[in-house]
Amino acid sequence: MDALSKLDWSLVQTFLAVAESGSLSEAGRMLGISQPTAGRQIRLIEDSLNVSLFVRQPRGFALTEAGMALLPHAQMMADGMRGLSLAAAGREEELAGPVRITASMFTSEYHLPPILARLRREEPQITIDLVPSDHSENLLYREADIAVRMYRTEQLDIVTKKLGAFEVGCYATRDYLDRVGRPRRFADILTLDLIGFDRNDEILRGMRAHGVDAQRDWFVTRCDHHTVYFALLRAGCGAGFVQCGVADTIPELERIPLDVQIPPVPVYLAAHERVRNTPRLRRVWQALDDGLSPHLS
């Protein structure tokens with residue numbers, strides 16, 4: 001513990017990131033550094049402590065016995081640094097400064113730009129870092145200040161507000177439907193070329209909830225990246241499921257009326273309770289609330 005406490009904090013962060021992810025490249029992504037830099041920092045911390053912290057395995061890096069022994073102490077240091085950062089951020093009284101927002105790739109592309117453009121006009125002293133990601137950035141680690149999420153956060157110390165839900169429908173291009181016909185029942189869409197997800201099972205679970213034993217190979221085109229999924233739909237690859245508020249603005253798309261209700265996608269705002277009420281986060285939170293709410297049911 002004494003030796004660890006004398007290390008540069010950035011080295012301890014890298015140790016924790018590799019221990020958590022088991023990967024130098026993923027640790028680098030988490031910390032915003034290159035994979036070689038992460039590797040050099042691990043070697044530096046090992047040289048400083050004169051121990052081997054990781055052993056390379058086929059699937060990445062695993063902690064050695066020494067690494068396991070040091071991990072709780074490094075986590076205590078991280079908790080202390082996060083507490084210090086959050087306490088300082090929670091006392092900020094200035095409206096000016098940066099706010100880091102994370103949201104899904106689709107939300108970041110189709111919903112947030114006009115909201116953030118209006119915010120920049122009204123509050124030019126606030127700068128915005130937008131992190132489009134379909135992974136959950138950790139608010140406790142200050143990877144983001146505010147998150148727009150499609151699920152309720154269960155982490156302690158996180159303030160969450162449900163804004164509503166995006167309506168979801170089944171769509172295809174008019175040209176495609178002119179060619180293959182227009183189904184009127186949920187069961188009829190199985191005759192269409194369906195666009196689905198690859199590893200994500202949301203669509204499969206939704207269809208199974210309606211008594212349809214959906215299988216992955218029913219979908220002839222598959223993609224987990226939601227904005228690319230939407231591009232495939234617009235290009236005429238077949239029928240797929242998308243937010244109505246976005247699809248209805250695209251002239252070439254036509255909604256397929258079905259005899260079942262497709263579950264809507266809930267939308268939440270989330271932030272750490274210690275920073276939620278700082279002036280600029282409160283202002284950005286309100287801008288997101290005001291901007292997203294008209295599109296939600």
With distance as the sole test, does [X] use its side chain to make a donor-acceptor pair with the main-chain N or O of [Y] at under 3.5 Å?
{"X": "Ser21", "Y": "Ala17", "value": "yes"}
{"X": "Arg208", "Y": "Ala214", "value": "yes"}
{"X": "Arg174", "Y": "Pro251", "value": "yes"}
{"X": "Ser48", "Y": "Leu44", "value": "yes"}
{"X": "Asp145", "Y": "Ile101", "value": "no"}
{"X": "Arg149", "Y": "Tyr268", "value": "no"}

Out of curiosity, does [Y] fall in the hydrophobic cluster containing [X] (side-chain heavy atoms, cut-off under 4.5 Å, transitive links)?
{"X": "Leu53", "Y": "Leu31", "answer": "no"}
{"X": "Val220", "Y": "Val242", "answer": "no"}
{"X": "Leu258", "Y": "Phe166", "answer": "yes"}
{"X": "Val260", "Y": "Val168", "answer": "yes"}
{"X": "Leu11", "Y": "Ile33", "answer": "no"}

[X] and [Y] ion-paired at < 4.0 Å:
{"X": "Asp289", "Y": "Lys161", "answer": "yes"}
{"X": "Arg43", "Y": "Glu46", "answer": "no"}
{"X": "Arg216", "Y": "Asp198", "answer": "yes"}
{"X": "Glu123", "Y": "Arg118", "answer": "no"}

Nearest atoms (heavy-atom pairs only) where [X] meets [Y]:
{"X": "Ile146", "Y": "Ala271", "result": "CG1-CB, 4.4 Å"}
{"X": "Leu194", "Y": "Ile189", "result": "CD2-O, 3.5 Å"}
{"X": "Asp193", "Y": "Cys237", "result": "CB-O, 3.6 Å"}
{"X": "Ala270", "Y": "Thr160", "result": "CB-OG1, 4.1 Å"}
{"X": "Val18", "Y": "Ala27", "result": "CG2-CB, 3.6 Å"}
{"X": "Leu288", "Y": "Leu163", "result": "O-CD1, 4.4 Å"}

Looking at side-chain heavy atoms only, is the closest gap between [X] and [Y] below 4.5 Å?
{"X": "Asp290", "Y": "Ile115", "value": "no"}
{"X": "Tyr176", "Y": "Leu192", "value": "yes"}
{"X": "Phe241", "Y": "Ile195", "value": "no"}
{"X": "Lys162", "Y": "Val267", "value": "no"}
{"X": "Arg199", "Y": "Arg222", "value": "no"}
{"X": "Pro36", "Y": "Arg40", "value": "yes"}

Does the side chain of [X] come under 3.5 Å of the side chain of [Y] through a donor N or O and an acceptor N or O?
{"X": "Tyr229", "Y": "Asp224", "result": "no"}
{"X": "Ser293", "Y": "His295", "result": "no"}
{"X": "His111", "Y": "Gln243", "result": "yes"}

Heavy-atom count around [X] [atom1] within 6.0 Å, excluding the residue itself: above 12?
{"X": "Asn50", "atom1": "CG", "result": "no"}
{"X": "Glu252", "atom1": "CD", "result": "yes"}
{"X": "Arg185", "atom1": "CZ", "result": "no"}

Could you measure the distance from the [atom1] atom of [X] to the [atom2] atom of [Y]? Nearest 0.5 Å is fine.
{"X": "Phe54", "Y": "Ile42", "atom1": "CZ", "atom2": "CD1", "result": "4.5 Å"}
{"X": "Thr127", "Y": "Arg280", "atom1": "OG1", "atom2": "CZ", "result": "7.5 Å"}
{"X": "Phe197", "Y": "Glu202", "atom1": "CZ", "atom2": "CD", "result": "5.5 Å"}
{"X": "Thr107", "Y": "Leu292", "atom1": "OG1", "atom2": "CG", "result": "7.5 Å"}
{"X": "Thr278", "Y": "Trp285", "atom1": "OG1", "atom2": "CH2", "result": "11.5 Å"}
{"X": "Met150", "Y": "His226", "atom1": "CE", "atom2": "NE2", "result": "9.0 Å"}

query = Which other residues belong to the hydrophobic cluster containing Val55, where Ile, Leu, Val, Met, Phe, Trp and Tyr are joined when side-chain heavy atoms lie under 4.5 Å apart, directly or via other members?
reply =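 Its cluster partners, ordered by chain and number, are none at all.
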
message = Could you go through Cys170 and Arg255, starting from their C-alpha distance and side-chain angles, then the distance that decides it, and tell me whether this counts as side-chain contact (heavy atoms from CB on, under 4.5 Å)?
response = CA-CA 6 Å; Cys170 185; Arg255 186 172 184 177; over 6 Å; no

key: Arg184/Asp259 under side-chain contact (heavy atoms from CB on, under 4.5 Å): CA gap, chis, key distance, verdict   = CA-CA 7 Å; Arg184 297 298 176 185; Asp259 55 351; over 6 Å; no

request  = Just jot down the ring pair (Phe, Tyr, Trp, His ring centres under 6.0 Å) partners of Phe106, sequence neighbours excluded, or say none.
outcome  =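 Only Tyr110, Phe230 meet the ring pair (Phe, Tyr, Trp, His ring centres under 6.0 Å) criterion with Phe106.
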
query = Passes side-chain contact (heavy atoms from CB on, under 4.5 Å), Val148 versus Thr102? Steps please.
reply = CA-CA 6 Å; Val148 182; Thr102 184; over 6 Å; no

task = List the steps and the verdict of side-chain contact (heavy atoms from CB on, under 4.5 Å) for Val99 and Asp129.
result = CA-CA 6 Å; Val99 175; Asp129 296 316; over 6 Å; no

